[in-house]
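All ligand and atom numbering here is 1-based and tracks the order in the structure. Model, not experiment: these values are computed from the prediction.
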Amino acid sequence: MATRSSWIQYAADCDFSIYNIPFGVYADADTRHHACSAIGDQVIDLYELCHHGYFGILNLDSSLFKHEFLNEFIALGKEVTNPVRNRIIELFSAGNTELQNNPVHCKTILKKQADVRMLLPVHIGDYTDFYSSIDHATNVGTMFRDPANALLPNWKHLPVGYHGRASSICVSGHSFHRPKGQQKPPDAELPVFGPCKLLDFELETAFVIGKKTEMGESVSTAKADDHIFGMLLFNDWSARDIQTWEYVPLGPFLAKNFASTVSPWIVTLEALEPFRTKGYVQEPKVLPYLQYTGDKNLDIKLEMFIQPEKAEPTKICTSNYKYMYWTMEQQLAHHTVNGCNLNVGDLMGSGTISGPQPHEYGSMLELTWKGTKPMKMSDGSERKFINDNDTVIIKGWCEKDGVRVGFGECSAKALPAL
Ligand code: CA
């Protein structure tokens with residue numbers, strides 16, 4: 001049962017309850033970039049909160065919250081970021097009047113989310129994407145290789161991943177042009193060049209590294225959570241026709257690096273902790289460095305929508321993070337087992353999250369089964385893949401015993417090719 005409430009009113013289905021208190025960066029006409037949190041439909045300006053002395057005993061310099069990105073704040077470690085979050089929870093809890101009774105301070109500290117622009121929350125130095133949903137990997141293997149041997153021999157022994165490109169990761173609300181590139185239609189002898197015809201999304205989450213490591217160091221599954229600051233929603237846009245032709249033998253390249261979208265709020269691992277759930281039973285047994293104890297999966301409900309131009313969004317998929325075969329802790333242990341170092345702000349994508357049921361598939365490739373089963377939109381039009389001027393929206397949240405912690409939205413629009 002939810003035992004805590006806030007003096008800021010919000011609906012029961014609000015993502016930004018007193019239990020959440022995520023971190024982000026916003027801008028508006030008066031503010032170039034300030035760190036912020038969210039409650040209800042408000043943003044909480046952390047620079048103003050600090051400047052007016054509300055972080056008193058934490059002894060922080062308000063300039064910490066004036067940076068373009070959260071990296072410097074996050075780098076202070078959970079011994080600082082957790083007390084900051086706990087202090088915000090305390091200040092906004094029902095019954096606390098410290099800020100509530102100061103309308104002058106409230107006016108500078110609180111702003112309507114609808115009136116501000118959310119910015120990319122971290123400077124992402126490096127971006128890695130995994131391939132950790134067993135249903136997604138099975139579907140793709142069934143479609144492109146062999147239904148009898150859909151998973152490649154390594155898949156159940158290590159969390160497969162690749163290094164992506166950080167420069168083209170944008171915050172929710174952006175648009176991008178349909179990529180162009182080489183494709184080789186199945187009946188063609190030679191490749192052709194032109195706009196991608198099979199533009200797709202990938203329903204993912206991502207986690208942000210909060211604690212660096214040195215080269216040579218490995219992070220165990222037991223220590224991995226110390227290095228995970230929090231999670232966001234993530235759309236790893238993909239050009240399927242470019243991908244099919246280029247990916248052998250080194251994996252995705254231009255099919256993936258033209259755009260990816262993150263949601264603006266980093267929901268801390270601490271806020272997600274109550275929603276932990278059992279992970280997959282892994283058979284065959286994994287190597288010792290990938291073993292872990294406790295419930296390390298997460299029950300995060302995920303929804304995906306396509307909004308055609310001048311039409312209402314159509315819900316096309318309902319999935320859940322709990323369908324991940326490999327946990328974040330295992331992904332991080334594997335990523336660092338060779339001594340690869342981590343930096344604060346690095347982003348790790350989950351890989352497309354598909355569930356076992358056809359309405360739980362996390363890409364158009366799977367939902368329309370390579371375009372053979374088109375989907376109906378609310379305006380009557382059909383989709384095999386993503387059309388020009390479609391907006392794709394991911395929503396995600398945790399809910400248990402009347403407590404809701406959500407991510408908001410991750411949305412982007414595909415424009416015609418340049
Ligand atoms: Ca991906």
Side-chain angles (χ1 to χ4, degrees), residues 124 126-145 150-152 154-155 158-172 174 176 179 181 196 198-209 231-248 250-263 300 302 304 316-317 319-321 323-328 330-332 334-335 346-355 360-368 370 385-386 392-394 396 407 410-412 414:
I124 303 165
D126 277 305
Y127 153 50
T128 300
D129 197 27
F130 287 94
Y131 187 58
S132 289
S133 146
I134 191 164
D135 293 297
H136 174 67
T138 304
N139 286 339
V140 173
T142 300
M143 266 185 268
F144 289 99
R145 285 187 309 272
L151 296 178
L152 287 168
N154 61 1
W155 202 89
L158 54 86
V160 170
Y162 73 98
H163 288 301
R165 180 137 187 108
S167 68
S168 52
I169 300 176
C170 300
V171 75
S172 180
H174 75 108
F176 64 93
C196 144
L198 310 182
L199 181 62
D200 201 354
F201 57 76
E202 291 193 327
L203 169 55
E204 300 195 20
T205 62
F207 63 93
V208 175
I209 296 299
M231 293 177 74
L232 340 91
L233 303 173
F234 188 63
N235 182 348
D236 184 30
W237 292 93
S238 299
R240 299 298 179 198
D241 39 4
I242 297 173
Q243 184 177 356
T244 311
W245 172 232
E246 76 170 2
Y247 87 102
V248 182
L250 285 186
F253 186 39
L254 305 183
K256 302 272 189 179
N257 68 4
F258 57 92
S260 304
T261 312
V262 287
S263 55
I300 305 174
L302 298 164
M304 196 103 203
I316 52 159
C317 153
S319 190
N320 194 306
Y321 183 84
Y323 295 134
M324 293 278 285
Y325 187 86
W326 296 99
T327 67
M328 292 188 284
Q330 291 180 308
Q331 290 173 336
L332 209 47
H334 185 63
H335 201 307
D346 286 356
L347 195 77
M348 310 276 170
S350 58
T352 308
I353 305 166
S354 294
E360 296 175 311
Y361 295 169
S363 65
M364 288 304 269
L365 180 71
E366 297 163 88
L367 286 165
T368 70
K370 261 173 127 178
F385 286 89
I386 298 303
V392 174
I393 304 155
I394 308 176
F407 291 82
C410 175
S411 144

(request) Using the ring-ring contact (aromatic ring centres under 6.0 Å, His included) rule, take Tyr247 and Phe144 through it: C-alpha gap first, then chi angles, then the decisive distance, then the call. (result) CA-CA 12 Å; Tyr247 87 102; Phe144 289 99; 7.6 Å; no

(request) Step by step, work out the side-chain hydrogen bond (donor to acceptor under 3.5 Å, both in side chains) result for Asp236 and Tyr127. (result) CA-CA 11 Å; Asp236 184 30; Tyr127 153 50; 3.2 Å; yes

(request) Write the atom name of the N, O or S atom in Asp236 that is nearest the Ca ion (ligand 1). (result) OD2

(request) Please confirm whether the backbone N or O of Leu365 pairs with a side-chain atom of Asp200, one donor and one acceptor, at under 3.5 Å? (result) yes

(message) Looking only at N, O or S atoms in Asp129, which is nearest to the Ca ion (ligand 1)?
(response) OD2

(request) Please report the shortest heavy-atom distance between Trp237 and Thr261, naming the atom on each side. (result) NE1-OG1, 2.9 Å

(request) Give a rough value, rounded to 10 degrees, for the angle at the Ca ion (ligand 1) between atoms OE2 of Glu204 and OE1 of Glu202. (result) 90°

